[in-house]
Asks: 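Got a structure here, written out as structure tokens. Questions coming.
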Amino acid sequence: MAKKESNYGGNEIKVLEGLDPVRKRPGMYIGTTSSAGLHHLVWEIVDNSVDEAMAGFCNRIRVTVHPDNSISVEDNGRGIPVEKHPQKKIPTLEVVLTILHAGGKFDNSAYKVSGGLHGVGISVVNALSKRLVATVKRDGGIYQMEFARGKVTKKMERIGTSKATGTTITFWPDDMIFETCVYDFDTLRDRLQETAFLNRNLKISITDERELTPRSEEFCYSGGIVDFVKYLNEEKSVLPGCSKPIYISGESEPDAPMSTKGEVEVSLQWNSGYSETVMSFANDIYTDEGGMHLEGFRTALTKTVNDYARAHKLLKEKDPNLTGDDIREGLTAVISVKLPDPQFEGQTKAKLGSSYMRALTNKIVSARLSEYLEEHPNQAKEIFKKASQAAKGRLAAQKARQATRRKGLLESAALPGKLADCSVRDAQMTELFIVEGDSAGGSAKMARDRSIQAVLPLRGKILNVERVQEHRALSSETITSLITAIGTGVGPEFNIEKARYHKIVIMTDADVDGAHIRILLLTFFYRYMRPMIEAGYIYVAQPPLYQLKPKGKKRGKYLYTDEELALEAERYEDSSRYTVQRYKGLGEMDPEQLWATTMEPKNRIMLKVNIDDAMAAERAVSNLMGTQVEKRKDFIQTHAKDVRFLDI
Ligand code: 0RA
């Protein structure tokens, strides 16, 4: 990114209120004080640096996680103004860090990260940090000031000279506020990479100093969202002749009023798979619930492809139009819009509500995409071919679903034969254990509390749903038995109200095969019953890996990780004084052990599966499920024991 120069005084900063409300009700400002809120502090500072980049004054951001879980965010923007604030008579730096909503820049940068929980201001980070050090290079000097829990502890000082400009914020999250103060490298990494994709040529690095050999990654993409789409499709095979993602961009007319201004960028590419990965952003904020830009994009895509197919006689007069779903099968797309005052709505404020963006996106995508298709007839043909195959698959899937529904008429009679159901009918209280293999299934059936725990043994591996069309998946017996046991149906018939259990527990062996089956099941839930994951209904059981028995004792201690084993073993000076049994499979435990360690509600450890990052989920699933067998093996072996990967 090229850097602009500017002069800017402190008098353009709007001043609103003090910081006490932030410490009183942190949730109001950062959503939650859980790990997500902790990470929000980083996004808040980074967003400010990105604003500098969007305004053209910054091309590098460095994020560092220090050994004590403090964070530094350094940028080479203009630097927060340091001169005396005309109304407050204190340094503007102090105003920006101690007064709520004082971060606003009224310098026509036009598009800034704001709305929802975003753009609450860096004073919020200051309020929620037990310590914060701000260092600014600006006006030839280096200035520094310190705070604790939002209050000044060291007045601003000029500590040196520098010709450069920029801001470095180092903060220590307040452990009185946050449930956890431990940063997760992958969460930071993924989000920063995403930000780099969305801001062409902006260099963003992340360094983790907590490990012996610091881990460091740098992201900078000259192709912007085109590189993003390539990255998302990296593990997949793209349609023949379509190796370069399509790129579309445009903006509102120059004379459009401020309230209808905007820029639209879209990149898209189809792969030979069957799922749709469309990610939309407004001012760099991921709009998980979609919104106007996404609607505009979808309508334009459907109409443009159908119009092209009609005009070129690919669709005959008697043929019905392709549906949007047909056209989006195997599509990977990134939509990024920028607008001066985005309105966010929806449950999680992750839906773009600014309605003029629908028309603007529609207009730009329709015009540019039809041009593109006209100029690339061979690619257009491939896209059409892919969509008409999807249409055929859709009709077949409809029939297959109707068949599962007919079977569902006599509900209980239609439950799969292998299911050992529970007696309680209230889904809120009941649990379904999905177990690998008949022998473990037998143990689990004996071990369970049959009033509230049902067991469904799966024979062998379940189909890899990532690689087949819906109608094929629905003709697999393992999958239909899963669907009927759970009761919700899939596709347009999916209804979470019909879930027969509110806990679905995947219980597989603690070995590579078990890990594979778990991943296949997670993929199934991810693709076909995503709301079940979102509702927090999907769990993974954690059977113990070892039992450590002191010599001469009957009962030992169950251990769930290698770390626990190492810790426990350390307590014995002489290693001959205990024995360790390693459980390779659930089948090696007798029903009592299985109950006590893995199934009994008051003792067991279960991991709730959640989707908190759509990109990471998409990647995990396709890394694992894509066609590159080597990579897949690799992942399973390195992650088989890593419980964190379950936060897909
Ligand atoms: C207020 C006004 C200006 C810039 C900033 C704040 C600013 C804040 C942060 C936070 C992290 N990095 C930042 N960089 C800049 C405008 C300053 C001007 O026009 O010179």
Side-chain angles (χ1 to χ4, degrees), residues 1 3-16 19 29-30 40-64 70-88 90-114 118-129 132-147 150 156 162-171 188 191-192 195-196 199 202-206 283-284:
M1 266 188 190
K3 288 181 57 178
K4 289 193 226 162
E5 298 295 329
S6 97
N7 303 304
Y8 186 92
N11 55 344
E12 289 160 73
I13 308 282
K14 206 163 75 186
V15 174
L16 290 174
L19 289 179
Y29 298 87
I30 54 164
H40 196 96
L41 301 183
V42 181
W43 315 145
E44 193 53 51
I45 309 280
V46 169
D47 284 352
N48 276 277
S49 301
V50 171
D51 283 349
E52 281 293 287
M54 280 194 207
F57 299 105
C58 161
N59 63 0
R60 176 173 57 65
I61 302 172
R62 289 192 188 127
V63 177
T64 310
S70 60
I71 298 269
S72 295
V73 179
E74 178 194 346
D75 69 49
N76 64 347
R78 288 166 292 186
I80 301 176
V82 290
E83 55 271 31
K84 193 167 273 171
H85 191 275
Q87 285 127 47
K88 293 276 159 178
I90 50 173
T92 307
L93 176 62
E94 184 175 334
V95 173
V96 168
L97 278 150
T98 56
I99 301 178
L100 208 50
H101 301 303
K105 289 169 263 180
F106 300 93
D107 57 355
N108 297 330
S109 76
Y111 309 127
K112 48 173 190 294
V113 180
S114 65
H118 296 269
V120 286
I122 65 176
S123 59
V124 167
V125 179
N126 194 21
L128 303 177
S129 295
L132 184 145
V133 179
T135 313
V136 169
K137 291 186 196 141
R138 197 181 155 102
D139 308 332
I142 305 177
Y143 299 84
Q144 196 166 66
M145 117 171 257
E146 275 198 49
F147 307 82
M156 191 178 80
S162 173
K163 289 202 183 100
T165 63
T167 305
T168 304
I169 305 281
T170 303
F171 64 92
L188 295 171
R191 167 72 176 255
L192 292 173
T195 305
N199 293 277
L202 174 60
K203 269 197 209 81
I204 305 185
S205 70
I206 162 117
N283 291 13
D284 279 9

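When reading the values below, keep in mind they use all heavy atoms of this one structure, side chains included, and skip hydrogens, waters and symmetry mates. Each ligand, and each atom within it, is numbered from 1 in the order the structure gives. Throughout, numbering of the chain's residues begins at 1 and tracks the sequence.
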Asks: Check each atom of ligand 1 against the heavy atoms of Ser49 and keep those under 4.0 Å away; list them by number with element.
Replies: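 Checking each atom against Ser49, I get 11 (C), 12 (N).
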Asks: Compute the shortest N/O to N/O distance between Asn48 and ligand 1 and return yes if it is under 3.5 Å, no if not.
Replies: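 No, no N or O pair falls under 3.5 Å.
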Asks: Could you pull out all residues at least two apart from Glu146 that satisfy salt bridge (Lys or Arg N to Asp or Glu O under 4.0 Å)?
Replies: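 By the salt bridge (Lys or Arg N to Asp or Glu O under 4.0 Å) rule, Glu146 matches Arg131, Lys154.
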Asks: For atom 7 (C) of ligand 1, tell me which residue out of Ile80, Asp51, Ile122 has the closest non-hydrogen atom.
Replies: Ile80
Asks: For Arg138 and ligand 1, does the shortest N/O to N/O distance drop below 3.5 Å?
Replies: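 Between Arg138 and ligand 1 (N or O atoms, distance only) the closest approach is under 3.5 Å.
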Asks: Look at atom 13 (C) of ligand 1 and find which of Asp47, Asp75, Ile45 reaches it with the closest heavy atom.
Replies: Asp75
Asks: Which residue in the set Asp47, Leu41, Ile169, Leu132 passes side-chain contact (heavy atoms from CB on, under 4.5 Å) when paired with Ile122?
Replies: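 Testing each of Asp47, Leu41, Ile169, Leu132 against Ile122, the sole residue satisfying side-chain contact (heavy atoms from CB on, under 4.5 Å) is Ile169.
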Asks: Give a yes or no answer on whether the side chain of Thr167 reaches the backbone of Ile80 with a donor-acceptor pair at less than 3.5 Å.
Replies: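 Between the backbone of Ile80 and the side chain of Thr167 there is a qualifying donor-acceptor contact (under 3.5 Å).
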Asks: Quick one: pull up CG in Leu188 and CD1 in Ile204 and give me the separation to the nearest 0.5 Å.
Replies: 12.0 Å
Asks: Judged by atom type as modelled, is there a donor-acceptor pair below 3.5 Å linking the side chain of Asn76 to the main-chain atoms of Arg60?
Replies: yes
Asks: Could you list the residues that satisfy side-chain contact (heavy atoms from CB on, under 4.5 Å) with Ser205, not counting sequence neighbours?
Replies: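 So Ser205 forms a side-chain contact (heavy atoms from CB on, under 4.5 Å) with Arg62, Glu218.
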Asks: Where on Cys58 is there a heavy atom closer than 4.0 Å to ligand 1, on the side chain, on the backbone, on both, or on neither?
Replies: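 Neither; nothing of Cys58 gets under 4.0 Å from ligand 1.
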Asks: Go through ligand 1 atom by atom and flag the ones less than 4.0 Å from a non-hydrogen atom of Pro81.
Replies: 1 (C), 2 (C), 3 (C), 17 (C)
